[in-house]
Amino acid sequence: DTAVSQTPKYLVTQMGNDKSIKCEQNLGHDTMYWYKQDSKKFLKIMFSYNNKELIINETVPNRFSPKSPDKAHLNLHINSLELGDSAVYFCASSQRTSKETQYFGPGTRLLVL
Amino acid sequence: GEDVEQSLFLSVREGDSSVINCTYTDSSSTYLYWYKQEPGAGLQLLTYIFSNMDMKQDQRLTVLLNKKDKHLSLRIADTQTGDSAIYFCAENGDYKLSFGAGTTVTVRA
């Protein structure tokens, strides 16, 4: 019955590897997001998708590639991981546009060694 | 975030009221939000206020909005140890939320 779910919850990997984080929402929402929370707890938008179309790419390196196979899923693939990518990544969703309330997943804690 | 500002720390005695303040810049925001993050946990939507309201009360939580000054506050009455967390203020823009840096609330016995 989880509204917004992410897998994995924890991810520890070596520099240079490629990894994916998955997000699914069962709320019937049209819009999904990825946010990054750094070590100082600062939260910033990375991507927004509306009906599987990219709306926002907030100056994120192109090593990060979001993919939305359908409205309920927004996955994040990261190539050539760097130490600075270590963070908590949160997926969120909202109905229609972001003027509606956003509901967040539990987060994926990524540690790059 | 550069558009939303909050004080970083608040220490409060158990049973007292906590007040967390926030200023924002986007006057077109439809809603303003408070999210709570407990240690090692995700973001929990605590409450929100529609931009044409001045106040919203929800049990122990009171949100005050001064739209003229772009000032938002969250008051927690009878603060408990379970209220220890980081509280984020957020404004909604076009397809994104802009967050403040978070206020770490510590409840002491």
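Note that the coordinates shown come from a computational prediction; the quantities given were computed from them, not determined experimentally. Below, all heavy atoms of this structure are taken into account, side chains as well, without hydrogens, waters or symmetry copies. Quick note on labels: first sequence line is chain A, next is B, and so on, each numbered from 1.
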Could you tell me whether the side chain of A/Ser68 and the main chain of A/His73 form a donor-acceptor pair under 3.5 Å? yes
Exercise: identify the closest heavy-atom pair between A/Tyr103 and A/Val4: O-CG2, 3.6 Å
With chain A as the partner chain, list the residues of residues 71-82 of chain B whose heavy atoms fall under 4.5 Å from it, by residue number, and write 'none' if nothing qualifies. none
Go through A/Phe64 and A/Asp85 one step at a time and tell me if the side chain to side chain contact (heavy atoms under 4.5 Å, CB included) criterion holds. CA-CA 10 Å; A/Phe64 290 78; A/Asp85 298 331; 3.5 Å; yes
Please look at A/Gln6 and chain B and tell me whether the side chain, the backbone, both or neither of the residue comes under 4.5 angstrom of a heavy atom of that chain. neither
Under a 4.5 Å heavy-atom criterion, the part of residues 35-52 of chain B in contact with chain A comprises B/Tyr35, B/Gln37, B/Gly40, B/Ala41, B/Gly42, B/Leu43, B/Leu45, B/Tyr48
By side-chain hydrogen bond (donor to acceptor under 3.5 Å, both in side chains) - contacts of B/Ser11 (at least two apart): B/Arg108
Given A/Gln37, A/Lys40, A/Lys9, the one with more heavy-atom pairs under 4.5 angstrom with chain B than any other is A/Gln37
Answer yes when A/Asp30 and A/Lys71 have at least one side-chain N-carboxylate O distance shorter than 4.0 Å, and no when they do not. yes
Minimal non-hydrogen separation, B/Cys89 against B/Val4, with atom names: SG-CG1, 3.7 Å
Against chain A, residues from residues 53-63 of chain B with at least one heavy atom under 4.5 Å, in numeric order, are none
Measure distances from A/Tyr35 to the heavy atoms of chain B and classify the residue's part below 4.5 Å as side chain, backbone, both or neither. side chain
Whether A/Arg63 and A/Glu82 form a salt bridge (side-chain N of Lys/Arg under 4.0 Å from carboxylate O of Asp/Glu) is what I want to check. yes
Just by modelled atom types, is the B/Ser7 backbone N or O under 3.5 Å from a matching donor or acceptor in the B/Thr103 side chain? yes
Compare every heavy atom of B/Leu8 with every heavy atom of B/Ala101, then report the nearest pair and how far apart it is. CB-CD2, 3.9 Å
Please check if any side-chain donor atom of A/Asn75 sits under 3.5 Å from a side-chain acceptor atom of A/His77, or the reverse. no
Where is the tightest heavy-atom contact between B/Lys96 and A/Ile45, given as atom of each residue plus distance? CD-CG2, 3.6 Å
Looking only at heavy atoms, the pair that brings A/Leu11 and A/Pro8 closest together is CB-CG, 4.1 Å
Under a 3.5 Å distance rule, please check whether A/Asp38 uses its side chain to pair with a backbone N or O of A/Lys41 as donor and acceptor. yes
Shortest non-hydrogen contact from A/Gln102 toward A/Ser94: CG-CB, 3.9 Å
